[in-house]
Amino acid sequence: QVQLVESGGGLVQAGGSLRLSCAASRRPFSTYYMGWFRQAPGKERDFVAAINWNTASEYYTNAVKGRFTISRDNPKNTVYLQMNSLKPEDTAVYYCAAAYYIGVGYPSRANEYAYWGQGTQVTISS
């Protein structure tokens, strides 16, 4: 069992930056991926980024490539999502998630993740 607690959401103007944090209750196993998803009102929960906890390999959805960076801090059992050049369409509740995954590629679907945080609101004003 892994508990995840997100922080760092808020309201910023378009073009601004935010850094989200996700603290895990214990160190994820090496076969874990940590991911960020987002859900806008009336829409599905969409994949944003993921990181392999062991190798630190990063994966992004096309909409955020070059603007968002996922990273992890092993001693703190924490994963971050640095979000730059924010746009109004980035407005959503952002969720941190953990997946035990040993398949091909990386987990990008919500049902591949077993553990979820409570979510943090990110609002970008135009």
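Under the 4.5 Å side-chain criterion, counting only non-hydrogen atoms from C-beta, I51 is not in contact with S57. Counting heavy atoms from C-beta on, the side chains of Y60 and I70 come closer than 4.5 Å. Side-chain atoms of C96 and M34, non-hydrogen and from C-beta on, do get closer than 4.5 Å to each other. Considering only heavy atoms from C-beta on, N52 stays 4.5 Å or farther from E58 through its side chain. Side-chain atoms of R19 and L81, non-hydrogen and from C-beta on, never get closer than 4.5 Å to each other. Residues W116 and Q3 form no side-chain contact, since every pair of their non-hydrogen atoms from C-beta on lies 4.5 Å or further apart.
For the atom pair S126 OG and Q13 CD, the distance stands at 9.0 Å (nearest 0.5 Å). Note that CD1 of I124 and CG of L86 are 4.0 Å apart. Values are rounded to the nearest 0.5 Å.
Crowding of Y59 atom OH: a count of heavy atoms from other residues, nucleotides or ligands under 6.0 Å exceeding 12.
Pairing each heavy atom of Y101 with each of P107, the nearest pair is CD2-CD, 3.6 Å. The shortest non-hydrogen separation linking S17 to V12 is O-CG1, 4.0 Å. Residues R67 and S85 share a closest heavy-atom pair of NH1-O, 3.0 Å. For R72 against N54, the heavy-atom pair with the smallest separation is NH2-O, 3.5 Å. In this structure, Y95 and Q118 approach most closely via the heavy-atom pair CE2-O, 3.6 Å. Contact between V79 and S71 at its shortest, heavy atoms only, is CG2-O, 3.0 Å.
For the pair R38 and Y94, the NZ or CZ position fails the cation-pi test of under 6.0 Å to the six-membered ring centre and within 45 degrees of the ring normal. A cation-pi arrangement, defined by a distance under 6.0 Å to the six-membered ring centre and an angle within 45 degrees of its axis, is absent between R109 and F47.
For the residue pair T78 and D73, no side-chain donor N or O sits within less than 3.5 Å of a side-chain acceptor on the partner.
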Exercise for the section: Give the intermediate values and the outcome of side-chain contact (heavy atoms from CB on, under 4.5 Å) for residues D90 and M83. Expected result: CA-CA 9 Å; D90 294 318; M83 306 186 295; over 6 Å; no
Practice task
Any chance you could lay out the side-chain contact (heavy atoms from CB on, under 4.5 Å) test for V2 and R26, step after step, and finish with the verdict?
Solution key: CA-CA 6 Å; V2 178; R26 62 163 175 79; 3.4 Å; yes
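Centroid-to-centroid, the aromatic rings of F37 and Y113 come within less than 6.0 Å. A centroid separation of 6.0 Å or more is found between the aromatic rings of F68 and Y80.
Partner of V122 under the side chain to side chain contact (heavy atoms under 4.5 Å, CB included) criterion, chosen from L20, T91, V93: L20.
Although no hydrogens or angles enter the test, the distance criterion places no donor-acceptor pair under 3.5 Å between the side chain of T61 and the main chain of V48.
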